[in-house]
Amino acid sequence: MKKHVVAAAVVATIVQPAIAADLITNPVPPRREQQAVAPAPIYPVFKGRVAVMDGRTLWYPQYAQRVRLADIDACELPQWALNPKWENRQQTMAPAPVPCGPLAKAWLKRTVGNKSIECTVVGYSQDGTPVARCIASGRDLALEMLRVGWARIAAPYPSNSQYLAYQNYAMAARYGMWATYVLDMNEWRRKAVDKTLDRRPIADFNLLAERESEISPPFVDARKKPKRTDR
């Protein structure tokens, strides 16, 4: 009887350390509550006919929603550019004005026509307006505005590599605003006091005289012209 008791004690002594070692080597993982995974953001797609608000903004009446073309900028409606051909400076105080805002709007409106426009939202601007890639009959509206020179690239590295090529082509050909003196749009928005449609061209002439940056080739050309000596 004693032998059986001693044998059982020896087995228990051998087995118990083994079980303890197993518990240390393969510990039971602590139970964790399952955390909810946030869904990836899903941006909407707008489809239908639109109204053109300006050279970079569309209005979907069925959604009561503005949509802004991604990666480009255009003159605001009250903004004026100036014709660089200022020939008779004795009789005219400033170059002839060019309504770059309305012209940009007119070209976008011409491109859109009565077509159904599909805009895929890629983000939102600071004021909460959806920013989107918009297609009309297979044509990228932003690319079209860059091609005719009534818009410029808004970011140094646009997502579409063709944007820069189209802008460079329009600049070289002097299409649209690239044939004018035009103030950078962001600078215009920051400095213009009167932003109504009644704004006078002389106001933008004064802003151009004190400009901080220049975006159109005629600025550079004007500075390279020799000074007149026949006065």
Side-chain angles (χ1 to χ4, degrees), residues 51-59 68-69 71-113 139 141-155 158 163-231:
V52 175
M53 299 183 68
D54 58 35
R56 60 174 183 149
T57 311
L58 306 175
W59 171 259
R68 191 166 292 152
L69 302 182
D71 283 341
I72 67 168
D73 202 354
C75 289
E76 296 288 346
L77 288 178
Q79 185 176 356
W80 293 89
L82 299 171
N83 189 332
K85 295 180 180 179
W86 186 6
E87 296 175 353
N88 195 343
R89 302 195 179 197
Q90 286 78 16
Q91 296 182 3
T92 56
M93 296 181 59
V98 178
C100 62
L103 286 172
K105 176 182 177 179
W107 192 270
L108 183 56
K109 187 174 181 179
R110 174 183 176 181
T111 305
V112 167
R139 299 165 68 185
L141 294 182
L143 198 64
E144 179 66 13
M145 293 299 290
L146 292 169
R147 182 184 70 81
V148 297
W150 286 118
R152 70 166 176 83
I153 294 174
Y163 284 7
L164 184 58
Y166 274 64
Q167 176 174 285
N168 289 340
Y169 173 79
M171 290 176 70
R174 300 290 177 86
Y175 288 160
M177 67 178 179
W178 304 118
T180 71
Y181 290 138
V182 60
L183 189 66
D184 177 81
M185 295 83 191
N186 289 326
E187 186 175 349
W188 186 91
R189 296 183 188 106
R190 190 174 70 252
K191 291 184 175 182
V193 177
D194 177 15
K195 293 185 175 69
T196 67
L197 295 178
D198 294 330
R199 181 179 178 81
R200 302 288 297 276
I202 192 65
D204 283 328
F205 176 75
N206 293 332
L207 287 181
L208 281 164
E210 301 173 354
R211 63 190 177 274
E212 297 173 6
S213 60
E214 52 194 39
I215 63 171
S216 56
F219 279 150
V220 179
D221 294 346
R223 289 184 174 179
K224 289 182 179 178
K225 289 181 181 177
K227 294 181 179 180
R228 294 183 60 178
T229 57
D230 56 345
R231 291 184 180 179

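When side chains are defined from C-beta on, W80 does not count as touching C100, because their heavy atoms never get closer than 4.5 Å. At a threshold of 4.5 Å between non-hydrogen side-chain atoms, the residues Y169 and Y175 count as touching. Residues W107 and E144 are in side-chain contact: their nearest non-hydrogen atoms beyond the backbone lie under 4.5 Å apart. Between M177 and T180 the shortest side-chain heavy-atom distance falls below 4.5 Å. Considering only heavy atoms from C-beta on, V148 stays 4.5 Å or farther from T111 through its side chain.
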Legend entry - CA sep, side-chain torsions, deciding dist, call: M145, R56, side chain to side chain contact (heavy atoms under 4.5 Å, CB included): CA-CA 8 Å; M145 293 299 290; R56 60 174 183 149; over 6 Å; no
Inset, instruction - Apply the test side chain to side chain contact (heavy atoms under 4.5 Å, CB included) to residues F205 and I202: give CA-CA distance (whole Å), side-chain angles for both, the deciding distance (0.1 Å), then the verdict. - result: CA-CA 5 Å; F205 176 75; I202 192 65; 3.8 Å; yes
Inset, instruction - Show the numbers, then the answer: is there a side chain to side chain contact (heavy atoms under 4.5 Å, CB included) between E212 and R190? - result: CA-CA 11 Å; E212 297 173 6; R190 190 174 70 252; 2.8 Å; yes
Legend entry - side chain to side chain contact (heavy atoms under 4.5 Å, CB included) assessment of R152 paired with D184: CA-CA 10 Å; R152 70 166 176 83; D184 177 81; 2.9 Å; yes
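Across all non-hydrogen atoms, the minimal contact from A104 to A74 is CB-CB, 4.3 Å. Taking each heavy atom of L82 and V98 in turn, the nearest pair found is C-CG2, 4.1 Å. Considering every non-hydrogen atom in both C75 and G101, the closest pair reads CB-N, 3.5 Å. Closest approach of A142 and Y163 over heavy atoms only: CB-OH, 3.6 Å. Nearest heavy atoms, V182 versus L208: C-CD2, 3.8 Å.
D194 has no carboxylate O lying under 4.0 Å from a charged side-chain N of R200, or vice versa, which leaves the two without a salt bridge.
Taken to the nearest 0.5 Å, the OG1 atom of T57 stands 8.5 Å off from the CG atom of L108. Note that the CG atom of D54 and the NZ atom of K105 stand 8.0 Å from one another [nearest 0.5 Å]. From R147, atom CZ reaches atom OH of Y166 across 7.5 Å, with rounding to the nearest 0.5 Å. Distance CG/D204 to CH2/W188: 6.5 Å, rounded to 0.5 Å.
For the salt bridge (charged side-chain N to carboxylate O under 4.0 Å, His left out) criterion with E76, the lone passing option out of K195, R189, K191 is R189. Screening D73, L146, I72 for a side-chain contact (heavy atoms from CB on, under 4.5 Å) with I153, the sole residue that qualifies is L146.
Using modelled atom types, one side-chain atom of Q79 and one backbone atom of L183 make a donor-acceptor pair closer than 3.5 Å.
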